[in-house]
Amino acid sequence: MFNPQHLWKERFGTFAKETGSYLRYIFNGHLVIVVLFLLGTAAFYYQEWIETLQPDFPAAWIIALVLAAVLTYSPIQTFLTEADKIFLLPLETRLDDYFRKSITFSLSLQSYVLLLVLAVLMPLHVKIHGADFKSFFILLIAFILVKWINILIRWNVQYFIEKNVKLTDSIIRYFINVVLLYFIFSGAQLFFAAVPAVVLIILFFYYKKQTKDKGLKWEQLIEDEERRMNAFYRVANMFTDVPKLRDRTKRRKWLDWLVNIIPYKQDLAFSHLYLRTFARSGDYFGLLVRLTLIGGAALYFLSYGPGQILLALLFMYLTGFQLLPLWNHHQNKLWVGLYPIPENARKKSFTSLLLGIMIFQATIFAGTVFIKGELILGAIVLASGIAFSLFFVYFYSNSKLKS
């Protein structure tokens, strides 16, 4: 006898056991200490920045724009697998309880994220609008209800196979959420905030009616689930080997000039392989771009000299540490071992690439400081960054580079 509740408990148990095993490696890693230090530093300067704000600062709009993104992004974790297209498809009409539990779990998980973001933005609301911190829990409960409506809407939208419907839905809900949040944080009358809330409810019933006779899009649900798990596996792969990690390759033709710089020689085969992997596979390139932009922005607004140097080195460490898995990216491919190239040539190719990336990032950080007119400090950031890159690549990473 098929029991959807038993199936969900089994799937959730498997998910909790698997993620828990990897989380032990993640939270035991020293990277967490670095991240906590960064968060503490950011919190200190954030509080200092808030104290300098004037009453006419557009806090309501900023809070609304940020929180609306959190409310609008409402994925549903279903724990579906590839085999479910065959074995669960005939039972689709009996899976209501299963997906109801998935929606509840997704709401619980995303409510925690909502709590963190609201906690960060609350001091801004208190400073500009004179609000009381006691209203935090009232706002949190209200936003969890709004989040619940957004998740229900998103669940009904996934019945549509047209991609433009999903995109249109995200855009519409984002602007509705922005208006709703603005009215709440600007202190407008309750009636004005109720209007966009009612619009969200109407939107939910509209999609529910439109999808009444539609079937689940199993391929899309399974693909979304695999994408979410793969994102988690990529993080866990920085701390331990993850056999289930699936790499996605993205063609970036505009970076071909970078690959073409390397001459075609036998001893540079791994240089081509690692550079192309960095540019096209997984999230290595995106990681560099994100950390460089965030670090550069932080350096631009930070005015404390020693803090700028330390912050630049911390972001370089985060970048270098998270690029180390690139060394073992092809470890399960037998044909790589057939290259008639000695192991030291492979290691030299990887370390040269890693060193070039870190020096590039140090140059960007130094350039950010130069733009502010702090020439001596910029030169110190550059020199410190190059020295740290050499230490990281040729000393720290040696124990990590294992075949």
Counting N and O atoms only, with roles assigned by atom type, does the side chain of [X] sit under 3.5 Å from a partner on the main chain of [Y], one being a donor and the other an acceptor?
X: Lys101; Y: Lys9; value: no
X: Gln110; Y: Pro75; value: yes
X: Gln77; Y: Glu225; value: no
X: Tyr46; Y: Val120; value: yes
X: Gln322; Y: Leu318; value: yes
X: Gln220; Y: Lys217; value: no
X: Asn156; Y: Ile153; value: no
X: Tyr98; Y: Thr78; value: yes

TODO: Check the side chains of Tyr233 and Glu18 for a donor-acceptor pair under 3.5 angstrom, ignoring hydrogens and angles.
DONE: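 Distance-only check passes for Glu18 and Tyr233.
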Open item on the list: If the condition is side-chain hydrogen bond (donor to acceptor under 3.5 Å, both in side chains), which residues does Thr292 pass it with, not counting sequence neighbours?
Closed with: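 Here the qualifying residues are Gln361.
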- [ ] Assess the pair Phe105 and Phe12: is the distance between their ring centroids shorter than 6.0 Å?
- [x]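 Judged by ring-centre distance (under 6.0 Å), Phe105 and Phe12 do meet the cut-off.
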Task: Sub-6.0 Å ring centroid separation between Phe185 and Phe143 - done: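 Judged by ring-centre distance (under 6.0 Å), Phe185 and Phe143 do meet the cut-off.
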Open item on the list: Among Thr168, Asn150, Thr72, exactly one meets side chain to side chain donor-acceptor pair (under 3.5 Å) together with Arg173. Which residue is that?
Closed with: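 Only one of Thr168, Asn150, Thr72 forms a side chain to side chain donor-acceptor pair (under 3.5 Å) with Arg173, namely Asn150.
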Task: Pairs touching residues 194-216 that satisfy salt bridge (charged side-chain N to carboxylate O under 4.0 Å, His left out), sequence neighbours left out - done: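 Every pair satisfying salt bridge (charged side-chain N to carboxylate O under 4.0 Å, His left out) with a residue in residues 194-216: there are none.
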- [ ] Determine whether more than 12 heavy atoms belonging to other residues, nucleotides or ligands lie under 6.0 Å from atom CZ of Phe137.
- [x]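 Open: at most 12 neighbouring heavy atoms sit under 6.0 Å from CZ of Phe137.
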Task: Crowding at OH, Tyr73 (>12 non-hydrogen neighbours, <6.0 Å) - done: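 No - once you tally the heavy atoms of other residues, nucleotides and ligands closer than 6.0 Å, there are 12 at most.
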Open item on the list: Show the nearest heavy-atom pair for residues Met358 and Gly320, with the distance to one decimal.
Closed with: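 Here Met358 and Gly320 meet closest at SD-CA, 4.2 Å.
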TODO: Could you pull out the closest heavy-atom pair between Leu181 and Ala68, with the gap in Å?
DONE: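 Closest approach of Leu181 to Ala68: CD1-N, 3.3 Å.
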